[in-house]
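Note that the coordinates shown come from a computational prediction; the quantities given were computed from them, not determined experimentally. Below, all heavy atoms of this structure are taken into account, side chains as well, without hydrogens, waters or symmetry copies.
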Amino acid sequence: MNILFIVIGIILIIYIIKCVIGKTFDMYESIFWIIAAIGIIILALFPKSLDALSFKLGISYSPSLVFLLGIVFLLFINFKQSRILNDEKQKTIELTQELALLKEKVEEIEHNK
């Protein structure tokens, strides 16, 4: 079973790198996904490390730690995407306002001719 997770992690890393090279995925965003894939590979190579980490954090059921880390990771990605979406929304508003001002100036120039 661990070999399956190692293969999944490697395929994920290769896919992410291919997307970055093909410019369909941002280099900055890909770093977090590559870290997640490396985490999958490390956990597959050293499954007892999950038990030790769970014990140190006071979590009695080790797979719960995997779910917790996954949820935290996805919440982090969601927050980042929300922030990016908000920035893009603000840029769209500013561009719309600039376009309206430019249209008004063009109409004013055409009217004065």
Scan for salt bridge (Lys or Arg N to Asp or Glu O under 4.0 Å) pairs involving residues 55-71, sequence neighbours excluded, and state none if there are none. none

Nearest heavy-atom approach of Ala37 to Gly9 is CB-O, 3.8 Å

Examine Ile16 and Ile35 and state if one hydrophobic cluster contains both, with Ile, Leu, Val, Met, Phe, Trp and Tyr joined whenever side-chain heavy atoms are less than 4.5 Å apart. no

Side chain Ser30, main chain Val20, donor-acceptor under 3.5 Å: no

Rounded to the nearest 0.5 Å, what separation is found between the CD1 atom of Ile34 and the CD1 atom of Ile14? 11.0 Å

Decide whether Ile10 and Ile31 are clustered together by the hydrophobic rule: side chain heavy atoms of Ile, Leu, Val, Met, Phe, Trp, Tyr closer than 4.5 Å, transitively. no

Quick check on the 6.0 Å ring-centre criterion: do Phe32 and Phe76 meet it? yes

Between Ile6 and Leu12, is there shared hydrophobic-cluster membership here, with clusters defined by ILVMFWY side-chain heavy atoms closer than 4.5 Å? yes

For residues Tyr15 and Trp33, establish whether the separation of their ring centroids is below 6.0 Å. no

If you round to the nearest 0.5 Å, how far is CD1 of Ile40 from CG of Leu4? 10.5 Å

To the nearest 0.5 Å, how far apart are CG in Leu65 and OG in Ser60? 11.0 Å

Considering only distance and modelled atom types, tabulate donor-acceptor pairs under 3.5 Å from the side chains of residues 83-109, sequence neighbours left out.
| unit_1 | atom_1 | unit_2 | atom_2 | d |
| --- | --- | --- | --- | --- |
| Thr92 | OG1 | Glu88 | O | 2.8 |
| Thr96 | OG1 | Thr92 | O | 2.7 |

Name of the residue among Leu69, Leu74, Leu68 meeting side chain to side chain contact (heavy atoms under 4.5 Å, CB included) with Val72: Leu68

Considering only heavy atoms from C-beta outward, does the side chain of Leu53 approach that of Ile59 to under 4.5 Å? no

Mind checking whether Phe25 and Ile21 sit in one hydrophobic cluster, side chains of I, L, V, M, F, W, Y counted as touching below 4.5 Å? yes

Salt bridge (Lys or Arg N to Asp or Glu O under 4.0 Å) contacts in which one or both residues fall within residues 21-35, not counting sequence neighbours: Glu29-Lys80

Apply the test side chain to side chain contact (heavy atoms under 4.5 Å, CB included) to residues Ile41 and Ile13: give CA-CA distance (whole Å), side-chain angles for both, the deciding distance (0.1 Å), then the verdict. CA-CA 10 Å; Ile41 293 170; Ile13 289 173; 3.9 Å; yes

pair Asp51-Lys48: side-chain heavy atoms closer than 4.5 Å: yes

Can you give me the closest heavy-atom contact between Leu50 and Leu43, atom names plus distance? CB-CD2, 4.0 Å

Can you name the closest pair of heavy atoms from Pro47 and Asn2 and give their distance? CG-ND2, 3.7 Å

Nearest heavy-atom neighbours spanning Ser62 and Ser54: CA-OG, 3.4 Å

Verify same cluster id: Leu75, Ile77 (apolar side-chain graph, 4.5 Å): no

